[in-house]
Amino acid sequence: MGRQIHFVVDPQGWCCMGLIIFVWLYNTIFIPKVILFPHYEEGHISVVAILCYYFCSLFCIASLLRASVADPGKLPENPKIPITEREYWELCNKCNMMRPKRSHHCSRCGHCVRRMDHHCPWINNCVGEDNHWLFLQLCFYTQILSSYTLILDFCHYYYFLPLKKESW
């Protein structure tokens, strides 16, 4: 069973996603150009530091795209409820569909999601039962990339020798 692609039509979510992709592109181009490549040319860092930065950046954007298009656990229009489990289902008062308990209706997406955590505008998707681990993976890779960038910035200003070439 393959994963379904889920796409939310929400202008605010598109703005947030666009902002994230712009910041990611800016950092993927700007940080290596200003910090990594000049220090590599002068022998202060190895090529491994540059490759690690690009791998962290790639994992971060891949997890963002996966979390934003993954189905969060949207309930089907006519769910087939087993007779033995009918007591664990309830009627949604917004969309008038039967849903399992612990499901919530998302007002942004307009449907019920199993074990919904929240609607995240940064991924323009709900975080539910089926994509919760993708959201946590995105948070993890974002933390790794941010920490690595902060370490590089700190080393650039306080640890590395000043650059001999002016590359403005």
Side-chain angles (χ1 to χ4, degrees), residues 1-32 35-36 48-153:
M1 178 175 144
R3 299 234 179 249
Q4 290 181 325
I5 292 180
H6 179 77
F7 189 73
V8 179
V9 180
D10 181 21
Q12 180 189 5
W14 290 344
C15 289
C16 290
M17 283 280 295
L19 181 65
I20 287 177
I21 291 174
F22 172 75
V23 168
W24 174 79
L25 278 172
Y26 179 78
N27 285 331
T28 302
I29 295 168
F30 183 72
I31 295 294
I35 295 175
L36 294 175
V48 174
I50 297 171
L51 290 176
C52 285
Y53 186 82
Y54 278 118
F55 278 125
C56 287
S57 183
L58 179 69
F59 289 154
C60 190
I61 196 68
S63 64
L64 171 69
L65 294 175
R66 286 181 65 197
S68 65
V69 298
D71 181 20
K74 177 182 174 184
L75 290 172
E77 291 293 324
N78 295 319
K80 293 188 174 24
I81 307 167
I83 295 173
T84 58
E85 294 183 13
R86 288 188 191 252
E87 64 191 48
Y88 301 113
W89 286 64
E90 60 190 8
L91 184 66
C92 175
N93 58 1
K94 294 187 176 120
C95 63
N96 293 324
M97 286 180 44
M98 291 300 288
R99 65 180 186 191
K101 291 186 177 178
R102 296 184 65 198
S103 297
H104 295 285
H105 185 87
C106 178
S107 58
R108 283 269 162 108
C109 298
H111 58 263
C112 291
V113 177
R114 291 185 319 270
R115 295 180 64 193
M116 180 178 159
D117 188 78
H118 68 285
H119 181 90
C120 182
W122 300 108
I123 65 171
N124 195 24
N125 201 356
C126 291
V127 178
E129 184 178 59
D130 292 347
N131 70 344
H132 191 261
W133 66 278
L134 290 170
F135 180 74
L136 292 177
Q137 188 179 41
L138 169 65
C139 293
F140 174 74
Y141 287 134
T142 302
Q143 182 66 36
I144 295 294
L145 182 63
S146 299
S147 300
Y148 193 52
T149 302
L150 285 173
I151 289 170
L152 286 173
D153 288 341

For side chain to side chain contact (heavy atoms under 4.5 Å, CB included), just list the numbers for Trp122 and Leu64, CA-CA rounded to whole Å, side-chain angles, deciding distance to a tenth of an Å, and then say yes or no. CA-CA 9 Å; Trp122 300 108; Leu64 171 69; 6.0 Å; no

May I ask you to check whether over 12 heavy atoms, not counting those of Phe55, lie within 6.0 Å of atom CZ? no

Parallel, tilted or perpendicular: which describes the rings of Tyr26 and Phe30, with under 30° parallel and over 60° perpendicular? parallel

Which distance, rounded to the nearest 0.5 Å, do you find between the CD1 of Ile151 and the OG of Ser146? 11.0 Å

Starting at CZ of Phe59, measure out to CD1 of Ile144 and round the result to the nearest 0.5 Å. 11.0 Å

Rounded to the nearest 0.5 Å, how far apart are CE of Met97 and CH2 of Trp89? 8.0 Å

On a heavy-atom basis, which atom in Cys126 and which in Met116 lie closest, and how many Å separate them? SG-CE, 4.2 Å

Identify the heavy atoms of Tyr148 and Ala49 that sit nearest to each other, and give their distance. OH-O, 2.8 Å

Rounded distance [0.5 Å steps], NE2 in His111 versus SG in Cys92: 11.0 Å

Just so I know, are the side chains of Arg108 and Gln12 near enough to count as touching, which here means a heavy-atom distance under 4.5 Å? yes

Does the side chain to side chain contact (heavy atoms under 4.5 Å, CB included) test come out yes or no for Gln137 and Arg66, once each step is laid out? CA-CA 10 Å; Gln137 188 179 41; Arg66 286 181 65 197; 3.7 Å; yes

Of all pairs that satisfy salt bridge (Lys or Arg N to Asp or Glu O under 4.0 Å), the ones with a partner from residues 89-100, not counting sequence neighbours: Glu90-Arg99

Tell me every residue that passes side-chain contact (heavy atoms from CB on, under 4.5 Å) with Thr149, counting only those two or more places apart in sequence or in another chain. Ile31, Tyr53, Leu145, Asp153

Does a side-chain heavy-atom distance below 4.5 Å link Pro72 with Phe135? no

Is Tyr141 reaching over with its side chain to a backbone N or O of Ile61, donor-acceptor style, under 3.5 angstrom? no

To the nearest 0.5 Å, tell me how far Asn96 CG sits from His105 NE2. 10.0 Å

Between His104 and Val113, does a side chain to side chain contact (heavy atoms under 4.5 Å, CB included) hold up when you go through it step by step? CA-CA 6 Å; His104 295 285; Val113 177; over 6 Å; no

Provide the closest heavy-atom pair for Asp130 versus Gly73 in the form atom of the first, atom of the second, distance. OD2-CA, 3.5 Å

OG1/Thr142 to CD1/Ile20 distance, rounded to the nearest 0.5 angstrom? 7.5 Å

Note: Ala67 and Ile123 closest approach over all heavy atoms is O-CD1, 3.8 Å

Specify the closest pair of heavy atoms between Ser68 and Asn125, including all atoms of both residues, with the distance to one decimal. O-ND2, 3.3 Å

How far apart are the closest heavy atoms of Cys120 and Val127, and which atoms are they? CB-CG2, 4.2 Å

